[in-house]
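Below is one structure, written out as structure tokens; comments come after it.
Naming: A, B, ... by sequence-line order, numbering from 1 per chain. For the numbers below, each heavy atom of this structure counts, side chains included, while hydrogens, waters and symmetry mates do not.
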Number of protein chains: 2
Amino acid sequence: MLKDPQHELLVDIRKQMALYSVSTISELSKVTHVSFPTIKKMIDDMIVRGEVIEHGQKAPEGGRPAKSYGYNPEFRHCLTLYIEAREIRYRLIDCQHQIVEDGVSLITDSHLEALGELVDPFIEDKTKIGAISVGVAAAVDMGRIVFAPEYPSLAHLDLKHWLMERTGLPVVIENDMNAAVYGFSKRDETTTHQSIVYLGLGKNGPGAGILFDGHVARGQSGFSGEVSFLPLYDDASFYDRIKDKPYGPNVLKKEEIDALGRLVATFAATLNPHAFIFSDVDLVQEDLLRINRACERYLPSRHIPVLRIGQWEEDYFSGLARLGIELTLETIQRGDV
Amino acid sequence: MLKDPQHELLVDIRKQMALYSVSTISELSKVTHVSFPTIKKMIDDMIVRGEVIEHGQKAPEGGRPAKSYGYNPEFRHCLTLYIEAREIRYRLIDCQHQIVEDGVSLITDSHLEALGELVDPFIEDKTKIGAISVGVAAAVDMGRIVFAPEYPSLAHLDLKHWLMERTGLPVVIENDMNAAVYGFSKRDETTTHQSIVYLGLGKNGPGAGILFDGHVARGQSGFSGEVSFLPLYDDASFYDRIKDKPYGPNVLKKEEIDALGRLVATFAATLNPHAFIFSDVDLVQEDLLRINRACERYLPSRHIPVLRIGQWEEDYFSGLARLGIELTLETIQRGDV
DNA sequence: ATGACTTATTAAAATATTTTAAAAAGTAGA
DNA sequence: TCTACTTTTTAAAATATTTTAATAAGTCAT
């Protein structure tokens, strides 16, 4: 079967409009490498179906002012949520990341029942949901939970398939650190196409999300970013030196700083990423300089990535939002209203 | 300016024919996702220009046998070479990796002069060379040598630009480990789209080439794969534990095995690659099992990459060949004969 | 050998896309 | 205000690509 070039172009136009606010036909023509008349036809069709709204004119820049178009935020919504040990946090958003509704659902019985009961009302609702994205603190392979210390009841479950069956909607399942690093890179445009690492120390041990040139690294066995196991000392791993740190952001002890400096050095001498992100639930700004100094003991400073502190919950939700919106925009069918 | 879809299709057809031996129009139509008649027109044109040769018929598989076409190995050649401390090894190849001519050129004076004198005769020759690929034991950024312990005279030189000026041909410059890992992945089809690491212990210290989902990792500052600096012990780096190893393949000492086991563990717990390749100039087959056992001390064995021994010179040349051929096929202009 | 089936090729018609040229709608300066 | 200039939009013509149908060339079972 041949691929449908029109569908790919349509998806590209949607993403440019909804995700990057490209609003004129000229601009769309440039970024998609497709001619003006072709874009115009697509947009006209999208206006008829209610997917695109015609705004006024753009401020002119020396010539005839361009008409401005925008992606209709009401056309599709997207349900994003993440599952923790005892609660599920969710946000219903539009395709421009705006929150329509949000909340928390406590888990009383099984994780799966709680998830089902949270999702059902959204499906019955007349609101048009295009896709669901789910974050889990577990290793995920093709939508299947392969290792889940935080909620053993979900282990080995094909969560993606289960949720698709229950809702009839496209579903994407992602690991928490992978979602966070993806979300961070999309929130901060300077890092979008770079290689970055996002470290979370977590309640059940540390983990890292790794982005390579903007693509999430999953690894051969879903083990990528399991930095606990790094042999950084004669008789101790990274985890050994970090496991006694009290939960929450605080000023770190000297040996914790050294362990983190070695961790950064390890990435600098292998992947050599542009940025290394720590989480605001783990440490505070003043720790960064100390970590940087610790890292300088191991390699020249110009190879050390930029050290930053990310906003964990926002980055996590951003990654899920992005994944959900992309899936929504990719799965709208030709002719859908 | 719009991109030229016809040119991209043409390049795709060339690569499928020359690099993957796709020989019938039906197959080309499938792999390129372009219709049969369109491919047919392109092929007819390529035959007229001498770029493609019509062979006989393919063995039929139940229906009308397909005509078989092949990329003309005489249409363009490609010069590949790598620069070492005291010599330059070169191979003139066709677009199907076949060696047309090879040799070694000793460096008496400066590296640059030797390179120029080696290249010049090939340019004057009537043989049609499509591109030149050059391997160096140095950090390369956009064709510029940024760090070169092995040949200081080339440091900070824009070698790509220099060679393009001198020859008027497209040129690609690549780091030795990057070329080797790329070459290995193309020679071994099972690893082509995987993540793999290729380690060379080298004369001037170790270095690794890293492939992520088939793409070479270059890093933020060209420092990727500089594993010398890895802090693997309380007071010692990877380099400290490996630097006294005698040059050449031999059975390793216990502490060298441990250092390599830790190195493999470091990659397994970060990138989690499919395979980890050692070089046949550094160690022998029986070392691999020992390294694997050493690695098992640090993490569960199912996450350890497959350990293998590569053929250094062949892998290096293969990577350069591949880069050169790709560049050749990409830069043939419409209408060239 | 014949007919049913399979796959490849060719030719013609239908679509889709780009290119070109002309018209429209603004700014800026004389 | 008029003219020159710039950029967007529209319309028409030229290209490129795909789809459909018809034809060609083989295999296999009977």
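Within 4.0 Å (heavy atoms only), S26(A) reaches sugar-phosphate atoms of the nucleic acid but no base atom.
Under the side-chain hydrogen bond (donor to acceptor under 3.5 Å, both in side chains) criterion, R144(B) pairs with no residue, sequence neighbours left out.
In this structure a side-chain-to-backbone donor-acceptor pair under 3.5 Å is present from T24(A) to E27(A). Although no hydrogens or angles enter the test, the distance criterion places a donor-acceptor pair under 3.5 Å between the side chain of R14(B) and the main chain of L329(B).
Note: CD (Q6(A)) to C1' (dT19(D)) measures 13 Å, nearest angstrom. We find that NE2 of H7(A) is positioned 22 Å from P of dT17(D), with the value rounded to whole Å. For the pair D12(A) CG and dT17(C) P, the computed distance is 13 Å after rounding to whole Å. We find that NZ of K30(A) is positioned 14 Å from C1' of dT9(D), with the value rounded to whole Å. If you take CD1 of I43(B) and P of dT10(C), they are 12 Å apart, rounded to a whole angstrom. In this structure, NZ of K40(A) is placed 16 Å from P of dT17(C), rounded to the nearest angstrom. Distance Q57(A) CD to dT7(D) C1': 12 Å, rounded to the nearest Å. Between the CG atom of L28(A) and the P atom of dT18(C) there is a distance of 14 Å, rounded to whole Å.
Around the NE2 atom of H55(B), the shell of radius 6.0 Å holds more than 12 heavy atoms that belong to other residues, nucleotides or ligands. Within a 6.0 Å sphere centred on NZ of K160(B), heavy atoms belonging to other residues, nucleotides or ligands number 12 at most.
Residues F75(B) and I332(B) meet the side-chain proximity criterion, which asks for heavy atoms closer than 4.5 Å.
Taking only side-chain nitrogens and oxygens, K67(B) never comes nearer than 4.0 Å to OP1 or OP2 of dT9(C). Contact between the side-chain N/O atoms of T38(A) and the OP1/OP2 oxygens of dT17(C) is not found at any separation under 4.0 Å.
For P65(A) and E27(B), each mapped to the nucleotide of DNA chain C holding its nearest heavy atom, the one lying further toward the 5' end belongs to E27(B). Each of F36(A) and K41(B) was assigned the nucleotide of DNA chain D with the nearest heavy atom; the assignment lying further toward the 5' end belongs to F36(A).
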Considering only nitrogen or oxygen atoms on both sides, find all protein atoms under 3.5 Å from nucleotides 22-24 of chain C and state each distance.
residue, atom, partner, partner atom, Å
dA24(C), N3, R64(A), NH1, 3.2

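When distances are taken from the side chain of I25(B) to each of dT9(C), dT18(D), dT8(D), the shortest belongs to dT9(C).
Taking a cutoff of 4.0 Å between a charged side-chain nitrogen and a carboxylate oxygen, E330(B) and R76(B) do not qualify as a salt bridge.
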